Amino acid sequence: MSDSSSSDDLPLSRLNHQTVVRNRAEDVVQISDKGKGTRKKMRRASCHDSGSDGEISAMKRKKMKSAEQGIAAFEWWNSPDPPEGKAWQTLEHCGMTFEPQYKPHGIAMVYDGVPISLTPYQEELATFYAAMPEDGPQLNVSGGQREIFQRNFWDDWHKVLGKSHAIKSFDKCDFSDISKHLDRLKFVKRAASDAEKVVARELRDDCQLRSGYAILDDHLEKVGNFRMEPPSLFRGRGKHPKTGVVKLRVEPDQVSINCGASRPPPICLELGRSWGEIKHDDTVTWLSTWHENVMQSNKYVMLAANSSLKGKSDFKKFQKAMQLKGCIERVRHGYHKNLKSKDRHLKQQATTMWLIDTLALRVGGEKSEEEADTVGCCSLRVEHFTFHKTGKDVDLEFLGKDSILFKQSIDFAGFDEHGQQAYDNIREMCRSKKKNEQVFELIEPTSLNAHLSSIMPGLTAKVFRTYNASETLQNQLPDAEHVLEMRSIGDKLIAYNEANRIVAILCNHQRTVSAAAATGLEAQAEKLEQLKDQRRELQNMRTTLKAGKDNAEAHRFAKLPDEKDVSKRIDIWTEKIKKLEIDLRNKEENKEVSLGTSKANYLDPRISVAWCKRCDVPIEKLFSKTLKQKFAWALTVGSSWRFEAMPITDS
DNA sequence: ATCGTGACTTGGCCCCAGGCAA
DNA sequence: TTGCCTGGGGCCAAGTCACGAT
């Protein structure tokens, strides 16, 4: 077997990657040995060698590195796909890892002024509550979610305490001793010595090496979330009816494993425990699944974003968006015509399509009483629109996905005739309806998507978001001839981010301004003022010097500066001010906009790669390490690649 | 045909490492 | 060296959409 340590300079891509990757898999992940006895021995070894022996830790790091290289070397986009309808042919992995059971800290909570000791489970739940920050999104007093959170927590905790327990009312509970204890733990963790940090990292690496990789169709893949979610209080977003409910601990026997029938299933590493079920379903991509008690939903362990499975589906997504580009005129012409239809259904359908295409709205499926009241296009209600007496200004305001506020004043007069027609339609559809009634009561996501896929196979509402985001980026990015004139990479990045920001605004991707960010911004603004003051002073000095009245400043310098020195200094300051101003403006414009979401999900990476090549910008400036891995399939496109119309190939 | 839900993508928040100015 | 700030990445909630059960 070729020594993997010498692989750094091997042209891996020219080797038979199957062999290379296979060797690596066995070497690194230790899950491929057919003999069970050997497997056990190797596992045991890997559990025990986590000491701080430098050689061993260096070896582990090398193993991990070669695993990553093995993964990177596999060009799935140049390899055959599994048979139609199958996600894989062989699949082998290590299941999930679990946190240790709860260890009581014994800190009493105070009830009505009296310390009360709790059973371990009662204490565990109390500790979940004590860990919630008072000013965080769950408990802060502004949003109206605090009461829901507390009531839900109390309902669950109360049951665990039992009827006859001394604690009878949530209002008299004081968790602050436990909170302080948790703060102390955090402090200790933060203050850990380098040696302690190394040990912690070792443990993480062990875990990653032991359980973080899978072998799919004979190549190595990274697993996404192989750690079981720990129990906690459900942190629903916004005024979620279930926020604060106890999310229960999940044990191995509640987990189903999916793996290839021809390979050994994972061994449950929890002492004396075993998996609930072993399945062999090659039509799905999940490795493990379990049921979550709060929302009653299924959760899955899947491969990481850089895996072949995710990559293929990502690639398909953008090909689909390019197909939409190929027929977007036909699509638009279709709904433009129907905006004036006499058929109410067609008219509503056309109007929702206009909104989805123009404002990049999500489709907006129906939601149950058990979920937060958020909406998308189809579920918009009359109360979300405000019409003004004059003109065609409309305020559209609603809570969308994640209870993020969508708030825009839309001047329909600025749109073409079709936009004006959409305005008339919305206005008319709102008339004679109550505030809380749906504007497009005849349109549901299923029917809308059925209509869309009759226009183009595979077309759904969300393809518009992908298409419009990618198309917008391509159109907004400045031309290479312009960019190449820029002096610094920094300027080029600003240009890219500006285009990125326009997309993020289109998709309403927001982020909250943290307190730290706000004060940082303020400090920077202050600094700018200071620099300007200093420049003013320098300018005054120059005026004084010009006039020959040098005595006034003489005492401040060992050697009196001449006019030239001062002028030079002013230039330096001007440069500093300019730089800071640009930086500040950028930060200001960006502070509430999240660029990451569109970059990771909506923007065809090939647009960015080609732009980088045209503009002489290293791709690392735009894509972080993981993003680069996720988009490995896109990195080889040439500088002239364009997000172009694609012929429709069906399927 | 309708409904429910399984499976997969999208999305904001939080924490921490690491870079940088002071 | 230290404190501060930022970006990356992990985490898990919340969407979308297809498909299977009835």
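Please read all numbers here as calculations on a predicted model, not as lab measurements. Letters A, B, ... are given to chains in the order of the sequence lines, protein chains preceding strands, and every chain is numbered from 1.
- For C:dG7, neither phosphate oxygen OP1 nor OP2 lies less than 4.0 angstrom from any side-chain nitrogen or oxygen of A:Ser624.
- The side chain of A:Arg227 sits closest to C:dC11 out of C:dA14, C:dG9, C:dC11.
- Between the A:Thr472 side chain and the A:Asn468 main chain, a donor and an acceptor come within less than 3.5 Å of each other.
- Remark: the backbone N or O of A:Pro241 is paired with a side-chain donor or acceptor of A:Asn152 at under 3.5 angstrom.
- Set against B:dC13, C:dG8, B:dT10, the side chain of A:Tyr602 has B:dT10 as its closest nucleotide.
- Residue A:Thr460 has no polar side-chain atom (N or O) positioned under 4.0 Å from OP1 or OP2 of C:dT16.
- The distance between the ring centers of A:His240 and A:Phe234 falls below 6.0 angstrom.
- Annotation: side chain of A:Phe98 is in contact with side chain of A:Pro252 (closest heavy-atom distance under 4.5 Å).
- For A:Asp402, the listed nucleotide lying nearest its side chain is C:dA14; candidates were C:dC12, C:dA14, B:dC8.
- No donor-acceptor distance shorter than 3.5 angstrom exists from the side chain of A:Asp604 to the backbone of A:Phe318, with no hydrogens or angles considered.
- One finds a side-chain N or O of A:Lys317 lying less than 4.0 angstrom from the OP1 or OP2 phosphate oxygen of B:dT10.
- A donor and an acceptor atom, one from each side chain of A:Gln510 and A:Ser594, are nowhere located under 3.5 Å apart.
- Nearest-nucleotide mapping onto DNA chain B: of A:His509 and A:Arg235, the residue sitting toward the 5' end is A:His509.
- Residue A:Lys186 has no polar side-chain atom (N or O) positioned under 4.0 Å from OP1 or OP2 of B:dC16.
- Between A:Arg237 and C:dC12, a side-chain N or O to OP1/OP2 separation shorter than 4.0 Å is absent.
- In terms of position on DNA chain B, the residue among A:Asp281 and A:Asn508 whose nearest nucleotide sits closer to the 5' end is A:Asp281.
- Both A:Met295 and A:Leu622 lie near DNA chain C, and the one whose nearest nucleotide falls closer to the 5' end is A:Leu622.
- The side chain of A:Lys462 has B:dT9 as its nearest neighbour among B:dG11, B:dG6, B:dT9.
- Proximity of A:Thr626 to the phosphate of C:dG8: no side-chain N or O atom is located under 4.0 Å from OP1 or OP2.
- Not a single donor-acceptor pair, N or O on each side, falls under 3.5 Å between the base of B:dT9 and the side chain of A:Lys310.
- Distance from the side chain of A:Thr374 is smallest for C:dG15 among the nucleotides C:dT6, B:dG12, C:dG15.
- Of the side-chain N and O atoms in A:His291, none sit less than 4.0 angstrom from OP1 or OP2 of B:dG6.
- For A:Glu229, whose side chain is taken as the heavy atoms from C-beta onward, the closest listed nucleotide among C:dA14, C:dC12, B:dC13 is C:dC12.
- At a threshold of 4.0 angstrom between heavy atoms, the contacts of A:Gly236 are confined to the sugar-phosphate backbone, with no base atom among them.
- Rounded to whole angstrom, the span from the NZ atom of A:Lys628 across to the C1' atom of C:dG7 amounts to 17 Å.
- Rounded to an integer number of Å, the gap from A:Met132 CE to B:dC14 C1' is 12 Å.
- An OP1 or OP2 oxygen of C:dG15 is reached within less than 4.0 angstrom by a side-chain nitrogen or oxygen of A:Lys367.
- The side chain of A:Asn298 lies closest to B:dT5 when the candidates are B:dG11, B:dT5, C:dT6.
- When distances run from any side-chain atom of A:Thr597 to the nucleotides C:dG9, B:dG11, B:dC8, the shortest one goes to B:dG11.
- Heavy-atom distances to DNA chain C give each of A:Thr446 and A:Gly400 a nearest nucleotide, and the one nearer the 5′ end belongs to A:Gly400.
- An OP1 or OP2 oxygen of B:dC16 is reached within less than 4.0 angstrom by a side-chain nitrogen or oxygen of A:Lys189.
- For the OP1/OP2 pair of B:dT9 and a distance below 4.0 Å, the side-chain nitrogens and oxygens of A:Ser313 include at least one atom meeting the criterion.
- A:Asp533 is linked by a salt bridge (charged side-chain N to carboxylate O under 4.0 Å, His left out) to A:Arg536, counting only residues two or more places apart in sequence or in another chain.
- Here the C1' atom of nucleotide C:dC12 and the CZ atom of A:Phe234 are 9 Å apart, to the nearest Å.
- Residue A:Lys299 has its side chain nearest to C:dC12 when only C:dG9, C:dC12, C:dA14 are considered.
- The phosphate of B:dG11 has OP1 or OP2 within less than 4.0 Å of a side-chain N or O from A:Arg465.
- Residue A:Thr285 places at least one side-chain N or O under 4.0 Å from the OP1 or OP2 atom of B:dC8.
- In this structure, the nucleotide among B:dG11, C:dA13, C:dC17 sitting nearest to the side chain of A:Lys247 is C:dA13.
- The phosphate of B:dT9 has neither OP1 nor OP2 within less than 4.0 Å of any side-chain N or O from A:Asn601.
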